[in-house]
Amino acid sequence: MAAASGSPQSPDPGGQQAHCWQQTSLLSLVPDATEASQAELESPDLADPAAVVVPTPLRTPLQTPPAEATGPDLACPQRLLILDTETTGLDPESDHCIEVGAVLFHVQSRAVLSQLSLLLPCQSNAAEGINGIDASVSRLEQPWQAGLLYFQQLVASADVIVAHNVAFDRPWFGRGPLPAIEKPWLCSMEDLRWPSERRLKTTPSVRDLALAYGIPVWAAHRALTDCIYLAQVFERCTELDSLLLAGLEPRQLYRAELPYDQRHRARAAGFRWNEPVAKAWSRRLSEREVRELDFSVRPVEPESAARRAA
């Protein structure tokens, strides 16, 4: 395990700061939920998926002051909503999101502002062997609709949504009970170029990141747990501001133009074989990153990549 370094706050091996991660009561933070009509909050008929409705947004959106960053940090997003999902399968068209976790993180303070975790009712969970969520537990009575109202407030207060595999997490929002999210997204796996001294692979897992920053890994495959790992990585990352700014640069999918005997150069530059472009080395890059390469690349149209992968 690599030792943590450069943290604005010293690590807390003794657990003195454990109270920072206690779950806040959602109902105490969503006053409108107590005023909602009985029809909005009563449990739906779980046998009928059409009965699970998207909760009505709160009438008064949460107002947040402008980011406090000044000078060169002015353009850096200050409020990140780190989110993760657990689902019953891989296809948003036929499967369902069964859990949402979210942590609102303040960049300049390197501090967690709020966090949320809730299960969504599902009839079955084919991925129980992976995420460990029993579908019958998801149907136990609990204020998940009020939790979604609070989740919308967290989204409204964030500058950027962060997920560790945006390509997977983003399509679930705007379906079923989950609200659509009209905010910029940032992928901590694909878009952030982690410091080379951390010795991470090009697309590290959340577990890889946690261990590289000296964070103990005590559980996996639950939504809030993975969000907490990312928040703790951000707490210890001294280069976070520059990583975020670089990560938010517009990106396009490119394929490497290299002969077979030089494929190692594409691999070393973070290109992946056969994903998402079949039979090619490809990676999403900004214009700046393209200029920094020492070999030629060619842009790939999204539709063309989808046809090749099919």
Side-chain angles (χ1 to χ4, degrees), residues 2-12 17 20-21 62 64-84 101-115 154-166 169-170 181-215 226-252 269-270 283-292:
S5 64
S7 172
Q9 300 175 353
S10 60
D12 184 31
Q17 298 179 5
C20 295
W21 296 102
L62 182 66
T64 55
E68 293 113 351
T70 57
D73 293 333
L74 184 60
C76 183
Q78 289 300 300
R79 291 178 177 83
L80 311 177
L81 186 63
I82 305 167
L83 67 76
D84 189 34
V103 171
L104 186 63
F105 183 85
H106 190 252
V107 173
Q108 187 178 38
S109 303
R110 297 295 199 274
V112 170
L113 303 181
S114 192
Q115 62 188 55
L154 293 179
V155 171
S157 69
D159 301 319
V160 173
I161 309 300
V162 178
H164 199 77
N165 194 356
V166 167
D169 290 302
R170 188 173 188 174
I181 297 179
E182 303 297 334
K183 288 288 181 84
W185 287 71
L186 181 67
C187 184
S188 53
M189 182 177 70
E190 293 277 359
D191 297 332
L192 298 187
R193 308 305 192 225
W194 298 97
S196 57
E197 61 267 22
R198 297 292 172 175
R199 300 184 181 278
L200 290 159
K201 58 186 178 183
T202 306
T203 53
S205 66
V206 174
R207 178 182 179 275
D208 293 337
L209 281 172
L211 294 177
Y213 279 85
I215 298 163
D226 284 355
C227 294
I228 290 173
Y229 289 147
L230 278 179
Q232 291 183 326
V233 167
F234 289 167
E235 285 177 354
R236 302 184 181 201
C237 182
T238 57
E239 309 92 340
L240 181 58
D241 295 61
S242 59
L243 287 182
L244 293 173
L245 288 172
L248 288 167
E249 293 176 348
R251 281 180 165 76
Q252 184 177 352
R283 189 181 189 187
R284 293 176 63 247
L285 300 168
S286 66
E287 292 183 2
R288 174 184 55 81
E289 290 170 330
V290 169
R291 293 192 298 269
E292 292 173 353

Measure the acute angle between the ring planes of Phe234 and Trp194, then classify it against the limits of 30° and 60° as parallel, tilted or perpendicular.
parallel

Smallest separation among heavy atoms of [X] and [Y], with atom names:
X      : Y      : answer
Ala163 : Asp169 : CB-OD2, 3.7 Å
Cys227 : Gly101 : SG-O, 3.4 Å
Ile181 : Leu83  : CD1-CD2, 4.0 Å
Leu104 : Ala158 : CD1-CB, 4.2 Å

How many angstroms lie between [atom1] in [X] and [atom2] in [Y], if you round to the nearest 0.5 Å?
X      : Y      : atom1 : atom2 : answer
Cys76  : Asp159 : SG    : CG    : 9.0 Å
Ser286 : Asp191 : OG    : CG    : 9.5 Å
Arg291 : Leu285 : CZ    : CG    : 11.5 Å
Leu81  : Ser114 : CG    : OG    : 9.5 Å
Ser157 : His106 : OG    : NE2   : 10.5 Å

Flag side-chain contact, heavy atom, 4.5 Å: [X] against [Y]:
X      : Y      : answer
Gln252 : Arg284 : no
Asp84  : Val206 : no
Pro195 : Leu243 : yes
Leu209 : Tyr229 : no
Leu244 : Leu240 : yes

Kindly say whether [Y] contributes a backbone atom to a donor-acceptor pair with the side chain of [X] at under 3.5 angstrom?
X      : Y      : value
Gln78  : Gln108 : yes
Arg110 : Val107 : yes
His164 : Ile82  : no
Lys183 : Ala156 : yes
Arg251 : Arg283 : no

Is it the case that Arg198 places NZ or CZ above or below the six-membered ring of Tyr213, under 6.0 angstrom from the centre and within 45 degrees of the axis?
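Yes, a cation-pi geometry.
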
According to salt bridge (charged side-chain N to carboxylate O under 4.0 Å, His left out), who are the partners of Arg288, at least two apart in sequence or on a separate chain?
Glu249, Glu292

